[in-house]
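The structure appears below as structure tokens.
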Amino acid sequence: MSPISRLEEDIKNLKVQGATNVALLVLDGLNLANEILKTQKNADPYVFLLERLIRLAFARPAEPLAQNALRFIFHKKQPSPEEYLQLASQFKKMISESKNKMGKYGSDLITNGGVYLTHCHSSTVSNMFVSAHKQAKQFRVILTETRPLYQGRITANELIDAGIKDVTMIIDDVATSLLLQNKMKISGVFIGADLLSQDGFINKVGSLGIAHMANESHIPVYCSSILLKFDPRPYSDELLEHRQSSEIWPDAPLKLQFYTPAFDFVPYSQNIQIISEAGILKSHEIKKEALKSYPFITPSTLPDIN
Ligand code: RUB
């Protein structure tokens, strides 16, 4: 298997998961592709590198952060491959600067005595909890285990390792009674996003129910997402990844059918706000702010290489 195919598999198999981690891996893939390029005679660097990077950035359907990285790096042909590598490190810097900025807005929302529900694993959300903890705030985190692949355990490990004391895991279904019947007095929901669109966002399956129930109970939902995850294409259900049934039940009866969406599209509603590098935004501000900060995010900036 070629090194690029190996990276592609790591993304598809969730060896590397979470939108930010996937984008960083795609950016690292450029170094690898460039090493292979050096062994090729007569290859056009632009076509060679872009073809390989497109495979990585589109290995999972809803990864606009990785796809926007390509829009930024390959918006035009550069005189040498090194220029693409420089643009890639510039993009990495943009990710970390945006995350740092939004981390401040997010951790300010976490208050002493607060009880916060989170779902799945988002490096962005974990960072907010960790930075609030470093400010000596005392708060409680309730986290879902997140079926079928238990990414909630990654969150649990990160928070416990950072020294956060009050961390409680629930199975996903318990979120309903916590949110609708005010058990545990949840003060806010913090979830990540894989994709921001004009009308809503995509995040791990279960996010829609959580957002809906929080709305019913007037509990604020904060979706923590840098605007670099804005997808310029209109939302379509094809962006919702379906995964293998073996992730749910490896030795299931052969005749059993499965329905396996791994993500939800969560339409923006009254109680949802987006914590971003441009501040805490209401839904109608997302597109305008994203395109103002990152004008290269348009469908046409990802060139057709064929
Ligand atoms: C991960 C997931 C995360 C977002 C945001 O799903 O839904 O909430 O990717 O992550 P999976 P981040 O485990 O299937 O990749 O905030 O780290 O960018």
Side-chain angles (χ1 to χ4, degrees), residues 7-27 56-69 91-92 94-103 105-107 116-131 141 143-159 162 172 175 189-197 200-211 221-231 239-244 247-248 260-266 272 274-277 290:
L7 286 190
E8 196 179 348
E9 281 308 298
D10 287 350
I11 296 171
K12 284 186 174 157
N13 297 336
L14 271 71
K15 196 164 161 196
V16 176
Q17 58 75 236
T20 305
N21 291 334
V22 169
L24 294 175
L25 187 84
V26 173
L27 289 163
L56 300 180
F58 288 85
R60 295 181 75 186
E63 298 293 356
L65 182 58
Q67 294 153 12
N68 286 334
F91 196 84
K92 268 192 188 174
M94 282 158 67
I95 294 180
S96 70
E97 284 174 357
S98 315
K99 282 186 87 159
N100 286 344
K101 268 195 212 157
M102 72 182 294
Y105 298 123
S107 58
Y116 305 102
L117 176 72
T118 189
H119 181 55
C120 195
H121 168 250
S122 155
S123 60
T124 315
V125 171
S126 287
N127 288 349
M128 285 177 185
F129 287 136
V130 172
S131 92
V141 180
L143 45 89
T144 59
E145 60 177 356
T146 317
R147 281 283 288 148
L149 291 176
Y150 304 104
Q151 289 99 326
R153 294 177 185 175
I154 305 174
T155 312
N157 278 324
E158 281 180 357
L159 302 189
D172 299 3
V189 172
F190 282 80
I191 46 179
D194 291 272
L195 176 152
L196 289 179
S197 82
F201 66 94
I202 289 180
N203 196 48
K204 179 60 54 185
V205 69
S207 300
L208 176 61
I210 288 175
V221 173
Y222 299 104
C223 167
S224 310
S225 172
I226 51 176
L227 297 171
L228 282 167
K229 289 183 187 171
F230 186 77
D231 192 324
L239 292 171
L240 294 185
E241 183 179 4
H242 283 243
R243 301 202 46 98
Q244 290 172 6
E247 290 179 358
I248 299 176
T260 60
F263 288 88
D264 275 334
F265 176 68
V266 184
I272 297 177
I274 310 295
I275 309 171
S276 78
E277 64 276 43

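Keep in mind that this is a model prediction, so the values were computed, not measured. We count ligands from 1, going down the list as the structure has it; atoms in each ligand are counted the same way.
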Checklist entry - What protein heavy atom sits nearest atom 8 (O) of ligand 1, and how far away is it? => result N203 OD1, 2.7 Å
Item to check | More than 12 heavy atoms from other groups under 6.0 Å of NZ on K101 | outcome: no
Next on the checklist: Side chain, backbone, both or neither: which applies to A19 and ligand 1 if a contact is any heavy-atom pair less than 4.0 Å apart?
Outcome noted: both
Checklist entry - Heavy atom under 4.0 Å from ligand 1: found in S224's side chain, backbone, both, or neither? => result neither
Next on the checklist: Please classify the V22 to ligand 1 contact at 4.0 Å (heavy-atom distances, strictly less than): side chain, backbone, both or neither.
Outcome noted: neither
Checklist outcome for this item: Ranked by distance from atom 5 (C) of ligand 1, the top protein heavy atom is A193 O, 3.3 Å
Checklist outcome for this item: for atom 13 (O) of ligand 1, nearest protein heavy atom and its distance come out as Q17 NE2, 2.7 Å
Checklist entry - In Å, rounded to the nearest 0.5 Å, how long is the span from OG1 of T260 to CD of E241? => result 9.0 Å
Checklist entry - Which residue holds the protein heavy atom closest to atom 17 (O) of ligand 1, what is that atom called, and what is the gap in Å? => result S123 OG, 2.5 Å
Checklist entry - Which atoms of ligand 1 are found less than 4.0 Å from any heavy atom of L14? => result 14 (O)
Checklist entry - Strictly under 4.0 Å, does any heavy atom of E241 approach an atom of ligand 1? => result no
Checklist outcome for this item: Taking only non-hydrogen atoms of C120 and a 4.0 Å limit, the atoms of ligand 1 in range are 1 (C), 2 (C), 6 (O), 7 (O)
Item to check | Nearest-neighbour protein heavy atom for atom 18 (O) of ligand 1, which is reported as residue plus atom name and distance | outcome: T20 OG1, 2.6 Å
Item to check | Under the side-chain hydrogen bond (donor to acceptor under 3.5 Å, both in side chains) test, residues paired with Q151 that sit two or more places apart | outcome: none
Checklist outcome for this item: heavy-atom search around atom 9 (O) of ligand 1 in the protein gives D194 OD1, 2.7 Å
Checklist entry - Would you say K99 and ligand 1 have an N/O pair spaced under 3.5 Å apart? => result no
Item to check | Any A262 heavy atom less than 4.0 Å to ligand 1 | outcome: no
Next on the checklist: Run the side chain to side chain contact (heavy atoms under 4.5 Å, CB included) test against S131 and tell me which residues pass, sequence neighbours left out.
Outcome noted: S107, Q135
Next on the checklist: Just verifying a value: how many Å separate L25 CG and E8 CD, rounded to the nearest 0.5 Å?
Outcome noted: 11.0 Å
Next on the checklist: Do I275 and F190 have side chains that approach each other closer than 4.5 Å (heavy atoms only, starting at C-beta)?
Outcome noted: yes
Checklist entry - In Å and rounded to the nearest 0.5 Å, what is the OG to OH distance from S224 to Y105? => result 14.0 Å
Item to check | Beyond-backbone contact of L228 with S98, side-chain heavy atoms, under 4.5 angstrom | outcome: yes
Next on the checklist: Can you tell me how far apart CD (E145) and NE2 (H119) are? Round to the nearest 0.5 Å.
Outcome noted: 10.5 Å
Checklist entry - Any idea which part of Q151 is under 4.0 Å from ligand 1, heavy-atom wise: side chain, backbone, both or neither? => result side chain
Checklist entry - Can you check whether E158 reaches V130 side chain to side chain, under 4.5 Å on heavy atoms? => result no
Item to check | Enumerated ligand 1 atoms positioned under 4.0 Å from heavy atoms of R60 | outcome: 11 (P), 14 (O), 15 (O)
Checklist entry - Between the candidates R243, E63, H121, which shows the shortest non-hydrogen contact distance to atom 3 (C) of ligand 1? => result H121
Item to check | Closest protein heavy atom (residue, atom, distance) for atom 6 (O) of ligand 1 | outcome: K204 CE, 3.4 Å
Checklist entry - Of the protein's non-hydrogen atoms, which lies at the shortest distance from atom 16 (O) of ligand 1, and what is that distance? => result T124 OG1, 2.5 Å
Item to check | Atom CD of E247: over 12 foreign heavy atoms under 6.0 Å | outcome: yes
Checklist entry - Atom CD1 of I202 and atom CG of D264: how far apart are they, to the nearest 0.5 Å? => result 9.5 Å
Item to check | For F263, the ligand 1 atoms whose distance to one of its heavy atoms is below 4.0 Å | outcome: 6 (O), 7 (O), 14 (O)
Item to check | Atoms in ligand 1 flagged as close to K229, the criterion being non-hydrogen separation under 4.0 Å | outcome: 5 (C), 12 (P), 16 (O), 18 (O)
Item to check | Atom pair CG (L149) and CD1 (I154), whose distance is rounded to the nearest 0.5 Å | outcome: 9.0 Å
Checklist entry - Do any nitrogen or oxygen atoms of G18 lie less than 3.5 angstrom from nitrogen or oxygen atoms of ligand 1? => result yes
